[in-house]
Every structure is written in C-alpha cells, then in structure tokens.
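Below is one structure, written out as structure tokens; comments come after it.
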Amino acid sequence: MTDLPKAYDPQAFESQISAEWESRKLFQAKANSTRPAFTISMPPPNATGQLHVGHAVMLALEDIMIRWRRMCGDEALWLPGTDHAAIATENVVLRQIQEQDGIADPRATLGRDEVLRRIAEYVESSRGTIRNQVKAMGSSCDWSRERYTMDPALNRCVNESFVRMYQDGLIYRGPRIVNWDPKLKTNVSDDEVDRKEVQSPFYTFQYGPFQIGTVRPETKFGDKYVVMHPDDARYAEYQHGDTFECEWITGRIMATVIKDEAIDPEFGTGVMTITPWHDHTDFEIAERHGLDKEAIIDFDGKLLPVAQEFAGMPIEEARPKIVEKLRQKGLLVEVDEKYTHAKAFNSRGGGAIEPQIREQWFIDVNRKVIPWKGEHRSLREILIDVVRSGDIQLVPDRFNATYFHWVENLRDWCISRQIWWGHRIPAYYREGQTEIGIQPPDGTGWGQDPDTLDTWFSSALWTWSTLVDPELAQDLSLPFEQILERSPDFRKFHPTQVMETGYDILFFWVARMILMTTYMIGEVPFQTVYLHGLVRTRDGRKMSKSDPTTAIDPLESIADYGADALRLALILGTGPGQDLRLYPEKLEACRRFANKIWNAGRYILMTIPPGTPITPPQEVRSELAQWLLHGLDQTVRNVQGSLSAYRLSEVIDALRGFFWGEFCDWYLEMDKKPERSPEDNQVLAYAYTTLLKVLHPYVPFVTEALWSQFGQPQMLAVSAWPEPQPQHAFPEAHARIGLVKEAISQIRALRDKANLGLDKKIAASLDSARHTALFEEHQDLIIRLARLSELEVRSTEPTPGNDALSAYFQEALARIDASAVDWSKEIETLQKRLKSETDFLEKSGRKLGNPGFLNKAPEAVVLELKDKVAQTQKTVEALRLQIQELEKLAG
RNA sequence: GGGCAUGUAGCUCAGUGGGAGAGCGUUCGCCUCACACGCGAAAGGUCGAAGGUUCAAUCCCUUCCAUGCCCACCA
C-alpha cells in the first residue's frame, strides 16, 4: 500500500527534485567522455531579465531534446548563460538613476566609470533571478558551466575576433550613414529598426522650375541637388548636370540636376531634392554621383547653424515655422494632411531614427579573403554556402528562403554603438595613429575608442566562446588557436548539435553566429537550427509583457499548474516555426494529464508487491499482456521516430493517446482481477516504468516523483531510454484484442442507445470492465459482434454462456442480426472501392505517370510503387472476402 | 512591390493519395474499491472556393478568396 495523496501536487515535488538532480550533478557533462557529444547552447536570456513565456518555450523544447539524448546515452551538454543586453540594460539603469537620483543626464554628470559601476552593480544584484526561474522550468542544464557574455574569457574571444577581422581587412572604420537614435544617443543596426505607420503632412514646394514633395522640410536647407529618373519624359529637357538658380528657405541657391534610377517617376511629381547626410537613399545617390554632403541636424535632433534663424531648434518645433516661411515666400504648393508613411523607430528603446553620417566600425561582408573549402570567399558567400550545402539544416526548412533572401540583401554590419555598457572596441588612438589589439599599445597618450560593440557581436560567438577554458583565456601570451586547441570542452562539444531559438531572431543572432563562427573557427556553430514560433493569446494576439491582460506569466503558471503542465501546454498542438496559442484551459488539460500519470502510478504501487521487477518480461502468456506490450513497443518506436524528426508535438499526442486511452482506460481496467500472477505484476511494473521513461523528457517532475517509488538506484533523468523488445512482438494478439476492445465499445454504445432493459448492475459493469474472465471466455462472441457492426462478418458461432452478461451479448447479437441492414447498399459501396483498387493494380504495372510519383526520386518511386501494389493486393483480397460474406448474409 | 505561412468539429489544433482525428466545450448515463482533476457513450465537419492531374484528392498542380507574418520602398 501507499500513502500517496489522491491528487498530484507539483509544489510538493518540483523544487525538491530539482535540488536532487543538482546535488547529484546529473547534468554535468564530461569532456573526457567517450560517448558521442550532444550539445545545445542555451540562448542566453538578458542577465537582468525576468522569465517570460518566450523563454519558457525555449526551455521546454531544449530540455526535451537534451533529456532524450541524455537518456539515449549521449554525453549531453546544455550550457546555460546570460547576456549583458547592452542597450536594454543601460537604458534600465540610466532611467533608474534619473528617477532615483534626479540626475537628468547621468552619462554627462556621473561619467563613464561611475555609470558602468552602477550598471554592473545592478546586473550583479538581479542576476540570480533568471537563473532560479530557468531552474523552475525543470531545465536540465549544466550550471557548472554557466557563462555570461561579459566574462573575461568571453571578452577575450570578442577582442580576438575583432582583431583578427581587422587584420584580415574585414573590419573597417569609416563615415557611413547610420540609424541614429537622438533619444538614446546611439546608432542601431538595420535589423533593429522598426517601422510604424504614421500620418504626417506631405508638403509640395516649388523648387526652381520643379515641384518637390517632402514630409521633412527641416532637412531641406542644404538641398542643392534635384533628382529625377533618367527616362522620365516630363523632364527630358533637363540634362544631368544642368544648373539653375532659385529661391529657397534661406535665400537664393544654385541647384544642380541629377538623373538617377532610384527615383520612382510614379511617386509625387517624380522629382525630389536630396539630403545625403540624413537619408539612406539620398546618401547612396550622393555616393554614386560624388555629391557634397552636409549635416543639417545635430546628434541631439536639433538644427545646425546652416538653418540660420532656426538653428538650435528641435525639429518638431522648427518644422511648422519652416513651412510657414516657405508659404510666405509663395513656394508652398500644397499640403496633404492625410499622408501616411512608415517612420523608423529604434526597436530597442523607441526613439525616432534620424539617419546621420558618422564614423563607425563595420564588418565587410563582401571581401573575398576567407579560405573556405579551398577558395577565398566572402562572409556573405559562406553564409549562403553552409545552408545550401546542408552543413546547417533549418527546421522547418521553409526558412531557407527567408534566410537566403536576407543574406543576399545583407549590407555591411555596423558593429559600433555609442553606449557604454558592453565590450569596448579594442581600438586605440594617438595623434592620428590607430592601433588595434587585445591589449592597449605600449607608450603613453593612447586613448581607447569610446564606443562599444553591438550586443550581437559577443552573442555571435556564443557556441564556442562559452566552451573556451576560462583559465587559459586569461593568459594573454597564449595564441588564441592554442587556447582553443587546449580547451577540452571546446574539443569535445563543438560544433553543437542543435540551436533552438525563436524565428524572430534568425537574422539578429543565428545568422551572426554562423558568420562569426565559420570565420573564426572554420566550422559551423551548430548542425541543426530549430526555430520555434511566438506565443499568442487565445484570440491570436501577441503576448506582451506590457499588457498584463494578455500575458501569461510562466512563473504564475508553474505555481498554479506545475512546470510539467506548462511545458506540455507549450509543446502541444504546435510545430516548428509555428506560433502557438496559450490559454488557461490548455494548461488545465495538461495539468490533468500529469495528474493522470500520478494516479495510474498510485494504483500500480498499491497493486503490485514491493520488489516486483521492472525489467522486460521474457515469456508472456496472457493475450491481454501481449496486446499491451506490443502496443507499448509500437509507441516507443513512434516516439523515437518523431523525436528524431523534431516533431515534438506529435510525440506527446501519441504518448497521451497510448498512456491514457490504451494503458489506463483499457489495460488497467481489464487487468483488475482478484488473483494476480507475478507475470501480471511484472508486466504492469515494466509497462508503467517504461512509459515513465518516454514521458520523462516532457514531464520530468511527475515522472521522477513516481519513479522514485520503484526503488531504483538511479534517478529517472539518467536512466536508459527503453529499447523495443523482440520477444514482445505479438501482432496477432494485438489485432485480436484490438477487435475485442472495439467490440466492447460498440456493445456499450448499444446499451446506451437502445437500452436493452438489462439489469442495471450488469449494464454498469460493462463500464468498469471488471469481467476479464468473462470477456476472455466470450471473445469469439464479442468479436462477432464487432465484425457484424463493421460488416466484416465471419461465420464464428457464438459460444453459449450461462450468466447474465453472456445473455446480454446474445441479446445484443440478436438485435444486430434482426436490424434492418441495407445489404445491397453496403455491398455496392464495397464493390465500388474494389473496382478502384483493382484498377490501380491493373495500371500500376505499365503506368508510372502519376504526378505524385513524378516529384520524387526514381528509386523512391519504384520502392513506393512496389509497396503500394503489395498493399493494394491485400486490400483487394480483403474486400473480395467481405463482399462474399455479405452476399451470403444477404441471402 | 517581393517572399513565407495559415484556412479541417463550437474553440485550439494534429493528420494522411484509398475507410475524416485529438484536447477542451456540449448532451446523456455513471461516486465502479488509482483518479469525479474520473469512467462510459453520443451529437457535431460539403477538410476555404473553383478548376486540373489520377482508377481514386482534404492531401499533388493552377487560379481565386480570406487571415497572419517577414523583407524592401515610400522623397
């Protein structure tokens, strides 16, 4: 007997089990192991962050994969860590300082060192939070290897990468137009720019003989080029290079005509003036024609002296005044107040982007200097090659198209940021000299570049920078290649097997990891990229932290439903790359499944004597047990197949179906009998513990809790994944009992539908199915019932019975026999199908012209066709038999 | 403008070239000694629309409709 409570209480087990996993060091991988490595680098959450539902998805998926591989005998390493999240973290702390200390501009007032100290302090104080939240999900990661993007060893990797790229001519510094955010006083990469539809007035001004349109009159002071499409017939009289004088905002100017194909003749008047300093397109036009560039707006978003009386004004203030001035000059032609366009914002903080030209550091993606598969290739070419060649596989593969499109349009990556929190650029300047190195140059008077690196630069190294030996990395005299060579973890665990992350950071991060790793290491960072979708609410809205009415807090869900239920709910009914909807009912359904596992375990522990072996039974005589074991092996094989193909949702469908529908509702009920043999008990113990094993990657807590009741020395988390047993192949028993099972279902339906006036007790006993002996005795009768209702009639004679249930079966059979079946119609249906099948057989020998086949490889077609023919032959035989029997019945 | 998805039961979603599925919800019957967080059963769908390929299409092809996402551009 057992004193386990009737309902599973996750709270009572989860933290305790977590602690035991950790204290037994079950998840610490060994670099000197001879087992094959299976590595996942955990996408590092923000070090100061809180666990949100997106993290929960990531953790659930990765934990399933890693637990499965670990149980299969791989040396499984799931390496956790955190990211310094440059802009996000700096923002939070700066705002804190502003609010708490009343300092308006903390960077100016406190200085670099103090601000950095405050940020570091904040990071330190909030770092443990996310770690504990990750643990609460049941994540089986190796905390002894936890890393942080700002660790000294990772910092070394960052500097080494920068220096080597610089030496190879892949990193350069130059004045380029960047996405400047005047609010945060930094630039951001193209990928970090969000565009939002806004409505703003669209002005048309007279500009010499032309009319030009703009939403940004405040940038127009310096405009002295007017551009149109070379093929625009309306302006054919003007030649490229023509000049003319005209009245403009601050007086008369000399303007030059430029012809460029970037102009869309359909838009507005087909003519525009350009502001190369503050617009990407204009900058490119200016570059093409060697035009002058002039700054109009400063880095605070205020107008420069070129604007004369408007100098020093913020643009919002200046705009209406400039328009007014032009109106007074009679140059305002028209205003469209309803004009909408996509305005650029910084997605990392919300400021409106004001493009600016600045000296920035860039990674050149087009220089072909990298030795790769025997040639010199550019970063961009390598990015394409590794995916096209299959060295890296994207799951789902439809993201290939998106990926290639992105790479093909990739521009040089701007890696410098004007913020302080992050990896400082290892460039040093002195009187016009520049030195790049992992250490400051000798001599005095050197100053380091004030900028830091894009936060994705350091995370791009994540799969290997985390595996570098921290001690060795401290030794600056040691060449980097040697550090790698002598780092056991790196040698054992890189490249990693799976990178699992959200599709929304495929470009930000996944592509950058491929870029930096193929360059620095010469191998891919990972073999498979599994991309998960976004979590949405029941009605399909994005869950956002800022909107508490829509968001589901994973920590609350763990408290209310348990980590197991949350994990299930995040996997169920979803596929790679697909968004998933999460809502309370789903969590509740998953919690009930955990509870079902619990109660089945409770029953088994009550039923079997202590010490019952959980090893596979060798000789199984009971047909019922044969049915179970056969189905169990089928399920295990299915699960293995689905896991290998990353169809993680399919697995849980299959497992729930078998565990609940077959094992609990059918086998356990039929297995209830007064006298139990040791074989019965062993089958029960073996089947249940096997199911615990295959369920474990999904629901680690409840399965571990029950496993601990079976007196095994090892914890479930490190037990061996079950193997299908050859001696458990019982296809005949499986089919036969399957029929009995179906038949009983039909008898129950009959009972409910056409109440046969049966004794209430007998009728009810059909549900509890505690009449194993009777069912076994009357199998033939039951099967006949089943076949009748399936119209697969055999001439099996009913076995006479002498008790009430037997009489009941007889009665039911009589009813079916007497029921008015339209035999001719049934026969007709079957004949139709028979014809269709035989037609296929006739044609398949000569004709392969099925388009479905043509899309596949020839060998596959032949094999499939053979298979199909064999299958169809069987079907045809069965159909013929059925029709014969029916015709006999119909008389 | 370019690209990618999705459309199957009331809801959320699986699935397959040959007999339409699950969970939740609904209805009916059951406190049966693991579990009422449970058991048994039922109802409910022209598999978005129209064409095509095929002996056979929910599945493959084409077009259309609807919805969502990504990328680019918008002076």
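All values below were derived from every heavy atom in this structure, side-chain atoms included, with hydrogens, water molecules and symmetry-related copies excluded. Sequence lines set the chain letters: A, B, ... in the order given, protein chains first and strands last, and positions in each chain run from 1. Note that the structure is predicted; figures quoted are calculated from it, not measured.
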For A/Leu580, report the nucleic acid contact type (base, sugar-phosphate, nothing); a contact means any heavy atom under 4.0 Å.
nothing

Taking the basic N atoms (NZ, or NE/NH1/NH2) and the acidic carboxylate oxygens, is any pair closer than 4.0 Å for A/Arg288 and A/Glu261? no

With B for base contact, S for sugar-phosphate-only contact and - for none (protein heavy atoms under 4.0 Å), nucleotides 68-73 of chain B reads ---S-S

- Task: Using a 4.0 Å heavy-atom cut-off across all strands, classify A/Cys664 as base, sugar-phosphate, or nothing.
- Result: base

A/Lys596 to A/Phe659 six-membered ring, cation-pi geometry met (6.0 Å, 45°)
no

Identify whether any heavy atom of A/Ser649 sits under 4.0 Å from a base atom; if not, whether one sits that close to sugar-phosphate; answer base, sugar-phosphate or nothing. nothing

Per atom distances to the A/Thr214 side chain, the nearest of B/A75, B/C37, B/A14 is B/A75

Is the distance from OP1 or OP2 of B/A14 to the nearest side-chain N or O of A/Thr574 less than 4.0 Å?
no

### Query
Does A/Lys596 make a side-chain N or O approach to OP1 or OP2 of B/C39 shorter than 4.0 Å?
yes

### Query
So what does A/Tyr339 hit on the nucleic acid, given a heavy-atom distance under 4.0 Å: a base, only sugar-phosphate, or nothing?
sugar-phosphate

> With sugar-phosphate meaning primed atoms plus P, OP1 and OP2, does A/Glu588 contact a base, only sugar-phosphate, or nothing at under 4.0 Å between heavy atoms?
Replying inline: nothing

Nucleotide by nucleotide, nucleotides 20-26 of chain B touches protein heavy atoms under 4.0 Å in the pattern (B base, S sugar-phosphate only, - none) --SS---

Using atom P of each nucleotide, how far apart are B/A72 and B/A20 to the nearest Å? 46 Å

Whole-Å distance, A/Ile285 CD1 to B/C74 C1', equals 13 Å

*Decide whether a cation-pi geometry holds between A/Lys220 and A/Tyr203; the criteria are a distance under 6.0 Å from NZ or CZ to the six-membered ring centre and an angle within 45° of the ring axis.*
no

At 4.0 Å (heavy atoms only), tell me whether A/Val271 reaches a base, stays on the sugar-phosphate, or touches nothing.
nothing

Margin query: Considering every strand and a 4.0 Å limit on heavy-atom distances, what is the contact class for A/Lys6: base, sugar-phosphate, or nothing?
Written below: sugar-phosphate

Looking for any heavy atom pair under 4.0 Å, which part of the strands does A/Asp665 touch: base, sugar-phosphate only, or nothing?
-> sugar-phosphate

Hits for ring-ring contact (aromatic ring centres under 6.0 Å, His included) against A/Tyr503, two or more places apart or cross-chain, chain-then-number order -> A/Phe399

Between A/Tyr207 and A/Trp248, how do the two ring planes meet: parallel, tilted or perpendicular, split at 30° and 60°?
perpendicular

note: A/Arg602, atom CZ; B/C37, atom C1'; distance rounded to Å ~ 12 Å

Indicate, with a heavy-atom threshold strictly under 4.0 Å, whether A/Lys220 touches base, sugar-phosphate, or nothing. sugar-phosphate

### Query
Between the base of B/C4 and the side chain of A/Arg398, is there a donor-acceptor distance below 3.5 Å?
no

A/Tyr646 atom OH is separated from B/A14 atom P, nearest whole Å, by 20 Å

